[in-house]
*Asks:* 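The structure under discussion is supplied below as C-alpha cells; questions concerning it will follow.
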Amino acid sequence: MEKFDKLTGIAAPMPLVNIDTDMIIPKVFLKTIKRSGLGVNLFDEMRFDRQGNEIEDFVLNKPQYRETEILVAGDNFGCGSSREHAPWAIKDFGIKCVISTSFADIFFNNCFKNGILPIVLPKDQVDVLMQDAEKGANARVTVDLKAQTVTTSDGESFSFEVDSFKKHCLMNGLDDIGLTMEKAASIDTYEEQAAQSRPWV
C-alpha cells in the first residue's frame, strides 16, 4: 500500500449528505474482486447519463476537478452497504483523502485499509473547506498526517484526530497483509518449532 504522509492537492466540493456506497460505486460494478479499474465508474449514476455521456455539471466532470485528490463531502459519507469496492473506486480514481463531518463506521475503517485518509471535522470547519474547494484548481488544500492538520489555500489550518495505530499503518503503507508480513520472521520461527515438536501434523 502507498505510504501517506503529506498531501497537497485539488479538493472537490461535494456537499450532498448521506452519500451511500451504492452512489459511490453502483452494484452493477461489483462483479470484480480486483482493486483496480473501478475509478472509471466512481459515482457512475451521477457522472454519466443513460447513454454514457458525461453530465457536465457534476463536480468531478468539471475540468478544474478532474485531478482531484481530496474530496470535501457532506455529512454521513459512505453509509449504506459495507462494500469494500467503494474505497477501491475512490482510490483508483485518484482521491486519497475524504473530509466530512461524519462517516459510516464500516466505510471509515475500510478507507484506512485501502490507503485513504478519512478526516472528521466540525461542520463549521468543513464549511470553510467546502468554500475553499469551490475556488477550483487554483485552491490547493494541504493534508499533513504527521502533524494532523488540514490547511486551506489561504493558510487557515484545522487539527484533526486520528487513531494512532491507523496513522502508523497509513504512514508506513501497511494494509492487513503488510502488517502480517512485518511478523514474517516470528511466523517462520513458530512454524519451524511446530514442525519439530509435532512432525505428524
Side-chain angles (χ1 to χ4, degrees), residues 1-21 23-24 39 42-43 46-47 56-79 86-87 89-174:
M1 193 170 74
E2 183 182 354
K3 294 181 180 181
F4 191 117
D5 183 10
K6 192 173 184 178
L7 169 67
T8 298
I10 298 168
M14 191 174 289
L16 291 174
V17 299
N18 302 319
I19 293 178
D20 64 28
T21 52
M23 294 168 71
I24 295 170
L42 178 68
F43 298 117
M46 292 189 282
R47 283 173 65 199
E56 291 184 5
D57 62 353
F58 181 68
V59 62
L60 297 182
N61 289 337
K62 295 179 180 180
Q64 62 267 42
Y65 296 114
R66 289 186 180 273
E67 302 300 321
T68 288
E69 293 182 279
I70 301 165
L71 190 65
V72 184
D75 190 54
N76 196 30
F77 189 87
C79 57
I90 289 171
K91 185 66 182 293
D92 192 61
F93 184 85
I95 295 171
K96 301 174 183 177
C97 177
V98 182
I99 302 170
S100 178
T101 53
S102 70
F103 294 88
D105 287 344
I106 294 176
F107 175 84
F108 183 79
N109 289 314
N110 279 339
C111 280
F112 285 102
K113 293 179 179 181
N114 289 282
I116 301 166
L117 174 62
I119 295 176
V120 177
L121 290 173
K123 187 179 185 304
D124 59 332
Q125 296 179 4
V126 172
D127 287 345
V128 171
L129 289 164
M130 194 77 71
Q131 292 175 2
D132 194 48
E134 289 171 356
K135 296 176 183 176
N138 292 326
R140 292 181 175 266
V141 171
T142 297
V143 177
D144 189 330
L145 178 54
K146 184 176 181 180
Q148 295 180 206
T149 58
V150 180
T151 305
T152 70
S153 61
D154 296 324
E156 189 172 1
S157 186
F158 306 117
S159 297
F160 63 89
E161 297 297 321
V162 61
D163 177 82
S164 59
F165 175 71
K166 290 181 171 67
K167 178 179 179 178
H168 167 80
C169 290
L170 269 185
M171 293 194 70
N172 290 279
L174 298 171

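Just the heavy atoms: all of them, side chains too, but no hydrogens, waters or symmetry mates, feed the values below.
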*Asks:* Write down the atom of A133, the atom of A11, and the distance for their closest heavy-atom approach.
*Replies:*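 For A133 and A11, the tightest heavy-atom pair comes out as CB-O, 3.3 Å.
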*Asks:* List the atom of P87, the atom of N114, and the distance in Å for their closest heavy-atom pair.
*Replies:*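 Scanning both residues completely, I find the closest heavy atoms to be CG-ND2, 4.0 Å.
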*Asks:* I need the L129 CG to Q125 CD distance, nearest 0.5 Å.
*Replies:*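 Rounded to the nearest 0.5 Å, the CG-CD separation comes to 7.5 Å.
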*Asks:* Decide side chain to side chain contact (heavy atoms under 4.5 Å, CB included) for N138 and S153; before the verdict, give the C-alpha distance in whole Å, the side-chain angles of both, and the deciding distance to 0.1 Å.
*Replies:* CA-CA 8 Å; N138 292 326; S153 61; over 6 Å; no
*Asks:* For residues F93 and L71, determine if any side-chain heavy atom of one lies less than 4.5 Å from a side-chain heavy atom of the other.
*Replies:*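 No, side chains not in contact.
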*Asks:* More than 12 foreign heavy atoms under 6.0 Å from CD1 of I106: is that the case here?
*Replies:*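 Incorrect, the count does not exceed 12.
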*Asks:* Could you point out which residue of T151, T8, T152 forms a side chain to side chain donor-acceptor pair (under 3.5 Å) with T142?
*Replies:*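 Option passing the side chain to side chain donor-acceptor pair (under 3.5 Å) with T142: T8.
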*Asks:* Specify whether F43 and F58 have parallel, tilted or perpendicular ring planes, treating 30° as the upper limit for parallel and 60° as the lower limit for perpendicular.
*Replies:*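 F43 vs F58 ring planes: tilted.
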*Asks:* What heavy-atom pair brings K123 and T101 nearest, and what distance separates the two atoms?
*Replies:*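 Minimum heavy-atom contact is CA-CG2, 3.5 Å.
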*Asks:* Which salt bridge (charged side-chain N to carboxylate O under 4.0 Å, His left out) pairs, counting each pair once, include a residue from residues 94-111, with sequence neighbours left out?
*Replies:*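 Sorted result for residues 94-111: E2-K96, E69-K96.
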*Asks:* If we check side chain to side chain contact (heavy atoms under 4.5 Å, CB included) with F107, which of these qualifies: I90, N76, I19?
*Replies:*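 Of the listed residues I90, N76, I19, the side chain to side chain contact (heavy atoms under 4.5 Å, CB included) partner of F107 is I90.
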*Asks:* Does CD belonging to E67 count more than 12 external heavy atoms closer than 6.0 Å?
*Replies:*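 No, the 6.0 Å shell around CD holds no more than 12 heavy atoms from other groups.
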*Asks:* Would you find a donor on one side and an acceptor on the other, under 3.5 Å apart, between the side chain of T68 and the backbone of I70?
*Replies:*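 No, the answer is negative, given that no donor and acceptor are paired below the 3.5 Å cut-off.
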*Asks:* Could you give me the CA-CA distance, side-chain angles and deciding distance for Q64 and I10, then say whether side chain to side chain contact (heavy atoms under 4.5 Å, CB included) is met?
*Replies:* CA-CA 8 Å; Q64 62 267 42; I10 298 168; over 6 Å; no
*Asks:* Do F160 and I99 come within less than 4.5 Å of each other through their side chains, counting heavy atoms only?
*Replies:*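 Contact flag for F160/I99 side chains = no.
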*Asks:* Angle between ring planes, F112 versus F108, binned at 30° and 60°: parallel, tilted or perpendicular?
*Replies:*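 Perpendicular.
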*Asks:* Kindly write out the residues that satisfy side-chain hydrogen bond (donor to acceptor under 3.5 Å, both in side chains) with D92, not counting sequence neighbours, or none if the list is empty.
*Replies:*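 Testing D92 for side-chain hydrogen bond (donor to acceptor under 3.5 Å, both in side chains), a comparison that skips the adjacent residues, returns none.
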*Asks:* Checking the side chain of R66 only, and the main-chain atoms of N61 only, is there a donor and an acceptor separated by less than 3.5 Å?
*Replies:*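 Side chain of R66 to backbone of N61, a donor-acceptor pair under 3.5 Å: yes, one is there.
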*Asks:* Nearest heavy-atom pair of S102 and D75: which atoms, and what distance?
*Replies:*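 Shortest heavy-atom separation between S102 and D75 comes out as OG-OD1, 2.6 Å.
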*Asks:* Test your reading of the model: is there a side-chain donor-acceptor pair from S100 to the backbone of G74, 3.5 Å cut-off?
*Replies:*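 Yes; at least one donor-acceptor contact below 3.5 Å.
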*Asks:* Please report the closest heavy-atom contact between G78 and A104, naming both atoms and the distance.
*Replies:*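 Shortest heavy-atom contact: O-CB, 3.2 Å.
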*Asks:* Let me confirm one number: the CG-CE distance from L60 to M46, rounded to the nearest 0.5 Å.
*Replies:*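 If we round to the nearest 0.5 Å, L60:CG and M46:CE are 8.5 Å apart.
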*Asks:* I need the K3 NZ to L174 CG distance, nearest 0.5 Å.
*Replies:*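 These two atoms lie 8.5 Å from each other.
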*Asks:* Which pairs, with at least one residue in residues 136-165 and sequence neighbours excluded, count as a salt bridge (charged side-chain N to carboxylate O under 4.0 Å, His left out)?
*Replies:*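 Found K135-D154.
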*Asks:* State the CG-NZ distance between L145 and K166, to the nearest 0.5 angstrom.
*Replies:*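 Those atoms lie 13.0 Å apart.
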*Asks:* Are I24 and L42 side-chain neighbours, meaning at least one heavy-atom pair lies under 4.5 Å?
*Replies:*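 Side chain of I24 against side chain of L42, heavy atoms only: contact under 4.5 Å found.
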*Asks:* Looking at side-chain heavy atoms only, is the closest gap between F4 and I116 below 4.5 Å?
*Replies:*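 Result no, sub-4.5 Å side-chain heavy-atom pair not found.
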*Asks:* Would you indicate whether the side-chain heavy atoms of L7 and C97 approach each other to under 4.5 Å?
*Replies:*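 C97 reaches L7 side chain to side chain.
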*Asks:* Compare every heavy atom of P15 with every heavy atom of M130, then report the nearest pair and how far apart it is.
*Replies:*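 Nearest pair, atom of M130 first, then P15: CE-CA, 3.7 Å.
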